[in-house]
Amino acid sequence: MMKLSGLWPALLTPLTEAGAVDHPALAALVEDLVLRRVDGVVPLGSTGEFTEFNAAERRAVLETVVRAVDHRVPVLAGVSGLSTAETCDHATIAAEAGVDAVLALPPVYWKVSDDRIFDHFVSVADAAGLPVVVYDFPGLTAQPLTPTLLQRLAVEEPRVIGAKLTVRDVMAITAALAATRPHRPDFSIVTGFEDLIPAAMWAGADGAISGMANVIPDELVALVSALENGRPGAGERHRAVMADFDIYGLSEPAIPGIKAAAAALGRIPRANWRLDAGPQEPVLDAAAAWAAVRQPTSQRKDAA
C-alpha cells in the first residue's frame, strides 16, 4: 500500500489566458517536480483551487497529472466536496482517472459529530476503492478532526492510511501522533504548513504536503530529506525555506499570490486564477516585487 511520507507538492492548477485549465503547463509543472525528486504529487487540493472546477474539469486535471507522472511517483488526488455524496462522486472519478489514493476533507458548512465524520470517510473509501488520506484544515472548515476521531480511523478503518494536518498548533500534530501511532505505527501524519515541518517531523510526523513546493521545490526537498535522514544542516535548510515564507502574504486568500510568485520565477507560464481575490494587478505587482528582491537559491547556504 502507498506510504505518505516525504515532500509532496500540492499542485497549482495553471490556467490559460481564457481561464481554462492549461494542461500542457500542468504536465510541465509535474514533470519538473518529479525530476526534482519529490515523493508524490497532490492535484486538486486547496492550492489547486479544487472548489473552482466542475466534475469534468477535475477529471481532466487528474488524467493529465496521471499521464505526466507515468507511475514514477504516487498521485494523491483531492476529492473534497460540500457533502458526502459529492465527495464520493469525485472519489469515483479520481479512481477512474488512475490515481493512487484520495485526499478528503470532512463534510463542510454544517457542523456534524465525529461519528458522522467517521461514516463520511468510510463512504469515501467505499467509493474510491483506494487508500484515503483525511484532510484536517479547521481554519477553513471550522470542523477539526479530533485525536479521538483519528484514533478511531486508525484502529477501525485500514483503508484510511494517514492524515494531512493543516493546523497552526504543533501540539495538534503531537496529539494526533499520540492518538494513532500506538495503534497503527504505519499511520502517516504530514503537515500542511512549511514553517512547522521541522517541529512536526522531529515529533514523529512523516513529511509535508506543501503549496510552496510549486515555487521553491529544491529547498523543500532538501529540508525534508535532511530531516528524514538525520543529517546536519536542517536548520539552515529551514531558514532557506522561511526566507520565502512571506509568499503567503502576497494575496488573500494565498493561492493567487503563490501562482503569481510561481509565474514571476518562470515556474508556470502565467498567473491567473478563478478564486475571488479582487483585482489581479496588485497581486501581480506584489509578486514581481517579491521576486525582484528574492535571494537566488545558489546564494543560500546549504539550501540544496
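Numbering of residues begins at 1 and proceeds along the displayed sequence.
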Asks: In plain terms, say whether Arg168 and Asp195 are close enough for a salt bridge, that is, a side-chain N and a carboxylate O under 4.0 Å apart.
Replies: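 Looking at Arg168 and Asp195, the cut-off is met.
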Asks: Under 3.5 Å, is there a donor-acceptor pair between the side chain of Gln143 and the main chain of Lys111?
Replies: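 Such a contact is absent between Gln143 side chain and Lys111 backbone.
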Asks: Which heavy atom of Leu7 sits nearest to which heavy atom of Val38, and what is that distance?
Replies: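 For Leu7 versus Val38, the nearest heavy atoms are O-CB, 3.6 Å.
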Asks: With rounding to the nearest 0.5 Å, note down the distance linking OG1 in Thr64 to CG in Leu11.
Replies: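 It is 11.5 Å, given to the nearest 0.5 Å.
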Asks: Output the distance between atom CG (Leu76) and atom CG (Leu103), rounded to the nearest 0.5 Å.
Replies: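 Rounded to the nearest 0.5 Å, the CG-CG separation comes to 5.0 Å.
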Asks: Sequence neighbours excluded, which residues qualify as side-chain contact (heavy atoms from CB on, under 4.5 Å) partners of Ala154?
Replies: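 Result, side-chain contact (heavy atoms from CB on, under 4.5 Å) vs Ala154: Thr180, Arg184, Phe187.
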Asks: What's the verdict on side chain to side chain contact (heavy atoms under 4.5 Å, CB included) for Val73 and Asp39, showing C-alpha distance, side-chain angles and the deciding distance?
Replies: CA-CA 6 Å; Val73 298; Asp39 295 286; over 6 Å; no
Asks: Just how far is it from atom CD1 of Ile268 to atom CG of Asp32, taken to the nearest 0.5 Å?
Replies: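 CG of Asp32 is found 12.0 Å from CD1 of Ile268.
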Asks: Closest approach of Val79 and Thr87, non-hydrogen atoms and distance?
Replies: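 Scanning both residues completely, I find the closest heavy atoms to be O-CG2, 3.3 Å.
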Asks: Please give me the minimum heavy-atom distance between Pro253 and Leu275, naming the atom from each residue.
Replies: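 For Pro253 versus Leu275, the nearest heavy atoms are CG-CD1, 4.2 Å.
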Asks: Using a 3.5 Å distance criterion without hydrogens, assess whether the side chain of Asp136 forms a donor-acceptor pair with backbone atoms of Thr166.
Replies: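 It does not hold such a pair.
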Asks: Applying side chain to side chain donor-acceptor pair (under 3.5 Å), can you list everything that pairs with Asp100, at least two apart in sequence or on another chain?
Replies: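 Applying side chain to side chain donor-acceptor pair (under 3.5 Å) to Asp100 gives none.
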Asks: Suppose we screen for side chain to side chain donor-acceptor pair (under 3.5 Å). Which residues come up paired with Thr146, at least two apart in sequence or across chains?
Replies: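 By the side chain to side chain donor-acceptor pair (under 3.5 Å) rule, Thr146 matches Asp114.
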Asks: Within the structure provided, determine whether Pro9 and Val42 are in side-chain contact (heavy-atom separation under 4.5 Å).
Replies: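 Side chain of Pro9 against side chain of Val42, heavy atoms only: no contact under 4.5 Å found.
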Asks: Quick one: list whatever passes side-chain contact (heavy atoms from CB on, under 4.5 Å) with Ala254, sequence neighbours left out.
Replies: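 side-chain contact (heavy atoms from CB on, under 4.5 Å) check on Ala254 returns Tyr248.
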Asks: Is there a donor-acceptor pair closer than 3.5 Å between any side-chain N or O of Glu57 and the backbone N or O of Asn54?
Replies: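 A pair under 3.5 Å: yes.
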Asks: Do Phe121 and Leu105 have side-chain heavy atoms sitting under 4.5 Å apart?
Replies: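 Not touching, per the 4.5 Å side-chain cut-off.
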Asks: Starting at NE2 of His238, measure out to CG of Leu220 and round the result to the nearest 0.5 Å.
Replies: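 One finds 9.0 Å between NE2 of His238 and CG of Leu220.
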Asks: Can you tell me if Asn229 uses its side chain to pair, donor with acceptor, with the backbone of Ser225 under 3.5 Å?
Replies: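 Checked: pair present.
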Asks: Does a salt bridge link Glu31 with Arg72, judged by any charged N lying under 4.0 Å from a carboxylate O?
Replies: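 Result for this pair is yes, salt bridge flagged.
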Asks: What side-chain donor-acceptor pairs closer than 3.5 Å can you find for residues 278-293, not counting sequence neighbours?
Replies:
{"residue": "Trp290", "atom": "NE1", "partner": "Asp246", "partner atom": "OD1", "Å": "3.1"}

Asks: A side-chain contact here means heavy atoms from C-beta on lying under 4.5 Å apart; do Val133 and Ser188 qualify?
Replies: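 Side chain of Val133 against side chain of Ser188, heavy atoms only: no contact under 4.5 Å found.
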Asks: Would you say Ile93 and Val124 are hydrophobically clustered, going by side-chain heavy atoms of ILVMFWY under 4.5 Å?
Replies: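 Cluster IDs for Ile93 and Val124 differ.
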Asks: Do Arg58's NZ or CZ and the ring of Phe53 fall within the cation-pi criteria of under 6.0 Å and 45°?
Replies: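 Verdict for Phe53: no cation-pi partner in Arg58.
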Asks: Are a donor atom and an acceptor atom from the side chains of Tyr135 and Thr141 found within less than 3.5 Å of each other?
Replies: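 Thr141 and Tyr135 do not have a side-chain donor-acceptor pair below 3.5 Å.
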Asks: Do Pro138 and Val167 come within less than 4.5 Å of each other through their side chains, counting heavy atoms only?
Replies: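 The answer is yes; the side chains approach within 4.5 Å.
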Asks: Do any N or O atoms from the side chain of Lys164 and from the backbone of Val190 form a donor-acceptor pair under 3.5 angstrom?
Replies: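 No; judged by distance alone, with no hydrogens or angles, the pair does not exist.
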Asks: Using side-chain heavy atoms (C-beta onward) and a distance below 4.5 Å, is Leu82 in contact with Pro107?
Replies: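 A side-chain contact is absent here, since even the closest heavy-atom pair is not under 4.5 Å.
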Asks: Given the rule in the side chain to side chain contact (heavy atoms under 4.5 Å, CB included) test, do Arg152 and Asp115 qualify, once you have shown the distances and angles that lead to the verdict?
Replies: CA-CA 10 Å; Arg152 184 181 175 196; Asp115 286 346; 3.0 Å; yes
Asks: Work out which heavy atom in Ala260 is nearest to a heavy atom in Ala271; give both atom names and the distance.
Replies: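 In terms of heavy atoms, the two residues are closest at CA-CB, 3.5 Å.
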Asks: Val221, Leu4: one ILVMFWY side-chain cluster at the under-4.5 Å cut-off?
Replies: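 Shared cluster, yes.
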Asks: Please examine the side chains of Leu227 and Arg237, heavy atoms only from C-beta on, and report whether any two atoms are closer than 4.5 Å.
Replies: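 A side-chain contact under 4.5 Å is absent here.
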Asks: Roughly how far, to the nearest 0.5 Å, is the OG1 atom of Thr47 from the CD1 atom of Ile209?
Replies: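 Rounded to the nearest 0.5 Å, the CD1-OG1 separation comes to 10.0 Å.
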Asks: Count the heavy atoms belonging to other residues, nucleotides or ligands that lie under 6.0 Å from CG of Asp276, then report whether that count exceeds 12.
Replies: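 For Asp276, atom CG is not crowded (no more than 12 foreign heavy atoms under 6.0 Å).
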Asks: Less than 4.5 Å apart, side chain to side chain, heavy atoms only: is that true for Leu62 and Val65?
Replies: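 SC-SC contact between Leu62 and Val65 ruled out.
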Asks: Between Arg294 and Glu219, is the closest basic N to carboxylate O distance under 4.0 Å?
Replies: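 Judged by the 4.0 Å cut-off on N to carboxylate O distance, Glu219 and Arg294 do form a salt bridge.
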Asks: If the threshold is 4.0 Å, N to carboxylate O, is there a salt bridge linking Asp206 and Arg181?
Replies: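 Salt bridge: yes.
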Asks: Determine, stepwise, if the pair Trp8 / Ser210 fulfils side chain to side chain contact (heavy atoms under 4.5 Å, CB included).
Replies: CA-CA 6 Å; Trp8 296 55; Ser210 164; over 6 Å; no
Asks: Tell me, please, which residues at least two apart from Arg159 pass side chain to side chain donor-acceptor pair (under 3.5 Å).
Replies: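 Here the qualifying residues are Asp126, Glu157.
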Asks: Would you mind reporting whether Met212 and Ile247 have side-chain heavy atoms less than 4.5 Å apart?
Replies: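 A side-chain contact exists here, since the closest heavy-atom pair is under 4.5 Å.
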Asks: Nearest 0.5 Å, please: how far is CG in Leu12 from CG in Asp22?
Replies: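 The CG atom of Leu12 is 12.0 Å from CG of Asp22, to the nearest 0.5 Å.
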Asks: Over all heavy atoms of both residues, which pair between Pro182 and Ala178 is shortest? Give the atoms and the distance, please.
Replies: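 Answer, listing the atom of Pro182 first, then Ala178: CD-O, 3.2 Å.
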Asks: Given side chain to side chain contact (heavy atoms under 4.5 Å, CB included), test Arg267 with Asn214 step by step and report yes or no.
Replies: CA-CA 8 Å; Arg267 304 227 7 103; Asn214 292 277; 5.6 Å; no
Asks: If we count only N and O atoms by modelled type, under 3.5 Å, do the side chains of Thr13 and Arg274 hold a donor and an acceptor together?
Replies: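 There is no such pair between these side chains.
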Asks: Nearest heavy-atom pair of Ala176 and Leu165: which atoms, and what distance?
Replies: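 Of all heavy-atom pairs spanning Ala176 and Leu165, the closest is CB-CD1, 3.6 Å.
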Asks: Between Asp218 and Arg36, is the closest basic N to carboxylate O distance under 4.0 Å?
Replies: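 A salt bridge links Arg36 with Asp218.
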Asks: Same cluster for Ile117 and Val155 if Ile/Leu/Val/Met/Phe/Trp/Tyr side chains link at under 4.5 Å?
Replies: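 Different hydrophobic clusters.
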